[in-house]
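To keep things clear, I will list the structure first and then write my remarks on it.
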Amino acid sequence: QVQLVESGGGLVQAGGSLRLSCAASGNIFSINVMGWYRQAPGKQRELVAVIARGGGTNYADSVKGRFTISRDNAKNTVYLQMNSLKPEDTAVYYCTTGIVATTPIHWGQGTQVTVSS
């Protein structure tokens with residue numbers, strides 16, 4: 001199995017920044033896509049950003065220009081740099097891995113991001 005451990009969440013004021021990290025371990029040889037989903041209270045889980053092994057990325061429209069996803073394949077780690085945070089970014093953020101971007105297979109436990117106004 002693949003195990004994912006997120007870190008970097010916390011409380012930040014609007015306009016601030018956070019960087020989330022997710023380290024993958026286990027059977028990680030064939031992982032193609034890594035990404036981040038989020039779920040706000042009362043809302044369905046939504047895609048935030050994904051990155052393929054070769055570096056190609058895709059972002060939700062709501063975070064384009066503010067968030068940057070990156071990965072270090074040697075360290076089996078994916079990052080999400082979140083700048084210009086807004087209260088509507090408040091959610092639990094989940095790290096994911098999979099073969100294709102639209103179908104996550106492995107999920108982390110989630111890390112809380114709270115943005116105050």
Side-chain angles (χ1 to χ4, degrees):
Q1 293 187 358
V2 172
Q3 298 157 307
L4 303 172
V5 180
E6 304 102 328
S7 62
L11 174 65
V12 65
Q13 291 186 333
S17 298
L18 287 172
R19 189 180 77 155
L20 305 183
S21 299
C22 174
S25 61
N27 297 322
I28 57 177
F29 203 167
S30 62
I31 290 175
N32 182 36
V33 177
M34 302 185 77
W36 295 91
Y37 281 66
R38 68 185 181 187
Q39 187 168 29
K43 302 291 183 64
Q44 292 188 335
R45 197 145 51 189
E46 65 175 348
L47 174 69
V48 178
V50 293
I51 183 167
R53 192 171 189 88
T57 59
N58 196 14
Y59 296 89
D61 288 341
S62 60
V63 307
K64 286 182 178 178
R66 299 188 298 119
F67 291 10
T68 302
I69 189 170
S70 61
R71 66 189 289 172
D72 185 333
N73 291 327
K75 296 181 178 180
N76 302 308
T77 300
V78 63
Y79 306 93
L80 185 68
Q81 179 66 46
M82 305 184 294
N83 298 326
S84 302
L85 282 162
K86 304 174 180 179
E88 50 263 44
D89 295 317
T90 295
V92 176
Y93 285 70
Y94 297 90
C95 178
T96 69
T97 66
I99 307 301
V100 297
T102 56
T103 311
I105 297 174
H106 303 102
W107 295 78
Q109 293 297 310
T111 185
Q112 177 70 48
V113 172
T114 302
V115 184
S116 65
S117 59

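Atoms considered below: every heavy atom in the structure, side chains included; atoms not considered: hydrogens, waters and symmetry mates.
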Atom SG in Cys22, atom NE2 in His106: separation rounded to 0.5 Å? 11.5 Å
Are Pro41 and Lys43 packed together at the side-chain level, in the sense that at least one heavy-atom pair is separated by less than 4.5 angstrom? no
Are the side chain of Thr90 and the backbone N or O of Pro87 linked by a donor-acceptor pair below 3.5 Å? yes
Which residue is it: Arg45, Gln109, Arg38? I am looking for the one with a side chain to side chain contact (heavy atoms under 4.5 Å, CB included) to Tyr94. Arg45
What pair of heavy atoms forms the shortest contact from Ala14 to Ser117, and how long is it? CB-CA, 4.4 Å
Output, in order, the C-alpha distance, side-chain angles, deciding distance and verdict of side chain to side chain donor-acceptor pair (under 3.5 Å) for Thr114 and Gln112. CA-CA 6 Å; Thr114 302; Gln112 177 70 48; 3.3 Å; yes
Under the side-chain contact (heavy atoms from CB on, under 4.5 Å) criterion, do Thr77 and Arg71 qualify, and how do the steps go? CA-CA 6 Å; Thr77 300; Arg71 66 189 289 172; over 6 Å; no
Under the criterion salt bridge (charged side-chain N to carboxylate O under 4.0 Å, His left out), I'd like the reasoning laid out for Lys86 against Asp89: C-alpha separation, chi angles, the key distance, then a yes or no. CA-CA 5 Å; Lys86 304 174 180 179; Asp89 295 317; over 6 Å; no
Within the supplied structure, the quantity of interest is the number of heavy atoms (other residues, nucleotides, ligands) at a distance under 6.0 Å from Gln13 CD; does it exceed 12? no
Could you tell me the separation between the CD atom of Glu6 and the OG1 atom of Thr96, rounded to the nearest 0.5 Å? 9.5 Å
Residue pairs, two or more places apart or on separate chains, that pass disulfide bond (SG atoms under 2.5 Å apart) and touch residues 43-88: none
In the hydrophobic clustering (ILVMFWY, side-chain contacts below 4.5 Å, transitive), which residues join Leu20, or is it alone? Val2, Leu4, Val12, Leu18, Ile28, Ile31, Met34, Trp36, Val48, Ile51, Tyr59, Val63, Phe67, Ile69, Val78, Leu80, Met82, Leu85, Tyr93, Val113, Val115
Passes side-chain contact (heavy atoms from CB on, under 4.5 Å), Gln81 versus Ser17? Steps please. CA-CA 7 Å; Gln81 179 66 46; Ser17 298; 4.0 Å; yes
Value rounded to 0.5 Å, distance of CD in Gln3 from OG in Ser25: 4.5 Å
